[in-house]
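Below you'll find the structure, written out as structure tokens, and then a few comments.
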Amino acid sequence: MIGRRALLGAPLLIPAAAWAQRPGDPVATTRYGRVRGVAERGVLVFRGVRYGADTRPHRFERALPPAPWSDITDATRYGAAAPQTRAEESVSEDCLFLNIWTPALDRGRRPVMVYLHGGAHAHGSGSDPLYDGGNLVRRGDVVVVTLNHRLAALGYAYLAQLGGPAESGNVGNLDIVLALQWVRDNIAAFGGDPGRVMVFGQSGGGAKAVTLMAMPEARPLFHRAATMSGQHVTAAGPRNATIRARAWMDKAGAKSVAELEALPVERLVEAMAMTDPIERKGEISFVSTLDHHVLPRHPFVPDAPREAAHIPLIVGNTHDETGLWIADWLKRGDTDWDNLPERIGTQITKDVAPDWVAQRYREIYPGKTPGQILLAATTAGRSWPGHLIQAEERAKIGAPTWMYQLDFPAPEAGGVLGAFHTLDIPLVFDNAAAPGSRTGDSPAARRLAGRMADAFLAFARTGDPNCASVPEWPKFTLERRPTMVFDTDTRVVSDPRREERLLWSVAPYIKPGG
């Protein structure tokens, strides 16, 4: 997304004396040392602030806090991202950095919004332009934090059954815990309130957010959460996780965990591009692992964790999630009644007959084209079920939960992609005009961004998304299933897409490869 050349072994942060300072640049004091940021349009920004030590000496292990420093350190540039395939920016195992946007270095005790980036636990960083927190700060007087953490095999390869560290299958999540501990101990110096921390994320980031709710070590560190298209219900089971770890070790040419720890990181990343041995498609998948240690239970199986019932949660999804993945078909417009079942079958995760699905959708939506049915059916049979389960299980234990659905379509290709996966990111951040945004910067897009941003800001401030910018937003219940539909006509709908929900309810949802 960011388009910068990837370099393994990125440099450490450099002392402020080695770069050009400007009079009045903000300097904040952390428990580890002072950092110098920059003022941008009335917002103080600190990029690349170290929250953990270099992970290379402790590969596959819990990361350590940073060593203190004496000089004022430059915090004007993003730190390295975690090593990953198809990297588009500088990467390094020394990647535990966070970024902060704040109105002032005072004791304002503002709500803190900590964003976890997406990328399927395997890609991305906290430095994408869509995650720039400046507009949220200007709009809502909050403190915004984004961060990098270990990804893919370096963050989630479960090596415990192969002689490796017990925590290896979740060290990426433990990095996030370390970052939240840093927020708890340091954010007051940046004008934030450590007692009002909201964790939110999209896709893999949303999955991490709900997984943190199932982690005893993480739960005390945040007070509200939001998952945006993060449909994880289960983590990876330890047996499948071990199969993947062993296959990756073989691909990298390591006969033991000790050999794996000694290999160059480039070799490890190259092996991470292998085909997944369980799903037999795509890159090998490493995600949070049910290790009976760091993660003692699945996020939403057998139920929602009662220990997290006090944490308010927003569960969000987009109406046309799969538009991101089947865009070529939709743009070509070559889906017909003959190839529709086969195309549905390539995308859905529920084990039902694709021809039956196609026929039922034709009965429910007699006016839709084959392409429109393809988009609707693949979204409801792949991405939507996990979101429903999250909200339903929370409702069963009376935990405060709000659900939203984004219906606002992307303008490209005449709108045929619909409201696809990731489209809500620039809206929540009020960044419709940012590089990489696909919402367009029309007046309608800007108005909707304001509404979504205001709801998230209210949630960060009070634990309730209701505010003057949106209609009354009821908590999710099984009886009414109220859902805020964000669109040009933002409104609450009870049980949206009911017929589709009932259609897919005949089969259980199982996260592929879990």
[X] side chain near [Y] side chain, heavy-atom distance below 4.5 Å:
| X | Y | value |
| --- | --- | --- |
| Arg382 | Tyr509 | no |
| Ser383 | His421 | no |
| Met403 | Leu388 | yes |
| His223 | Ile311 | no |
| Ile278 | Ile243 | yes |
| Asn148 | Leu98 | no |
| Asp454 | Val470 | no |
| Ile100 | Val144 | no |

Check whether the side chains of [X] and [Y] place a donor and an acceptor atom closer than 3.5 Å, and report yes or no.
| X | Y | result |
| --- | --- | --- |
| Ser229 | Ser203 | no |
| Tyr32 | Asn186 | no |
| Thr85 | Glu283 | yes |
| Ser125 | Glu89 | yes |
| Asn99 | Thr146 | yes |
| Lys208 | His232 | no |

Gap separating the [atom1] atom of [X] from the [atom2] atom of [Y], nearest 0.5 angstrom:
| X | Y | atom1 | atom2 | answer |
| --- | --- | --- | --- | --- |
| Thr422 | Gln202 | OG1 | CD | 6.0 Å |
| Asn317 | Leu406 | CG | CG | 9.0 Å |
| Lys350 | Leu503 | NZ | CG | 9.5 Å |
| Asp320 | Leu375 | CG | CG | 4.0 Å |
| Leu162 | Ser256 | CG | OG | 10.5 Å |
| Phe46 | Thr30 | CZ | OG1 | 10.5 Å |

Exercise. Is there a donor-acceptor pair closer than 3.5 Å between any side-chain N or O of Arg224 and the backbone N or O of Ala460?
Worked result: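 Checked: pair present.
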Practice problem: Using modelled atom types only, decide if a donor and an acceptor are shared between the side chain of Gln84 and the backbone of Gly124 within a distance under 3.5 Å. | Solution: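 Yes, the answer is positive, given that a donor and an acceptor are paired below the 3.5 Å cut-off.
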Tell me which one of Leu180, Ile187, Leu221 satisfies side chain to side chain contact (heavy atoms under 4.5 Å, CB included) with Pro194.
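Answer to the side chain to side chain contact (heavy atoms under 4.5 Å, CB included) test with Pro194 among Leu180, Ile187, Leu221: Ile187.
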Between Phe429 and Phe456, does a ring pair (Phe, Tyr, Trp, His ring centres under 6.0 Å) hold up when you go through it step by step? CA-CA 9 Å; Phe429 276 90; Phe456 271 63; 8.8 Å; no
Establish, for the pair Arg501 and Trp384, whether the NZ or CZ atom is under 6.0 angstrom from the six-membered ring centre and no further than 45 degrees off its axis.
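Cation-pi check for Arg501 and Trp384: fails.
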Once the angle between the rings of Trp101 and Tyr78 is folded into 0 to 90°, is it parallel (under 30°), tilted (30 to 60°) or perpendicular (over 60°)?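 Ring orientation of Trp101 relative to Tyr78: tilted.
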Mind telling me whether His117 and His149 have parallel, tilted or perpendicular rings, with 30° and 60° as the class edges?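 Ring orientation of His149 relative to His117: parallel.
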- prompt: Are Asn431 and Tyr131 close enough, and set up right, to give a side chain to side chain donor-acceptor pair (under 3.5 Å), and what steps lead you there?
  reply: CA-CA 8 Å; Asn431 282 338; Tyr131 315 152; over 6 Å; no
Got a salt bridge between [X] and [Y], using NZ or NE/NH1/NH2 to carboxylate O under 4.0 Å?
| X | Y | value |
| --- | --- | --- |
| Arg56 | Asp94 | no |
| Arg481 | Glu392 | yes |
| Glu279 | Arg244 | yes |
| Asp303 | Arg297 | yes |

On a heavy-atom basis, which atom in [X] and which in [Y] lie closest, and how many Å separate them?
| X | Y | answer |
| --- | --- | --- |
| Phe60 | Val171 | O-CG1, 3.6 Å |
| Asn173 | Ser288 | ND2-OG, 2.9 Å |
| Cys467 | Ala458 | CB-CB, 3.9 Å |
| Val177 | Ala218 | CG2-CB, 3.8 Å |
| Leu427 | Leu448 | CD1-CD2, 4.0 Å |
| Asp424 | Tyr404 | OD2-OH, 2.7 Å |

Review point. Passes salt bridge (charged side-chain N to carboxylate O under 4.0 Å, His left out), Glu217 versus Arg62? Steps please.
Key: CA-CA 13 Å; Glu217 192 171 351; Arg62 181 187 292 268; 2.7 Å; yes
Just jot down the salt bridge (charged side-chain N to carboxylate O under 4.0 Å, His left out) partners of Asp132, sequence neighbours excluded, or say none.
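Asp132 satisfies salt bridge (charged side-chain N to carboxylate O under 4.0 Å, His left out) with Arg47 once adjacent residues are dropped.
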- Task: Apply the salt bridge (Lys or Arg N to Asp or Glu O under 4.0 Å) test between Arg59 and each candidate in Glu261, Glu259, Glu93; give the one that qualifies.
- Result: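 The passing option is Glu93.
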Q.
Checking Lys396 now: which residues fulfil side-chain contact (heavy atoms from CB on, under 4.5 Å) with it, not counting sequence neighbours?
A.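 Only Glu393, Leu478 meet the side-chain contact (heavy atoms from CB on, under 4.5 Å) criterion with Lys396.
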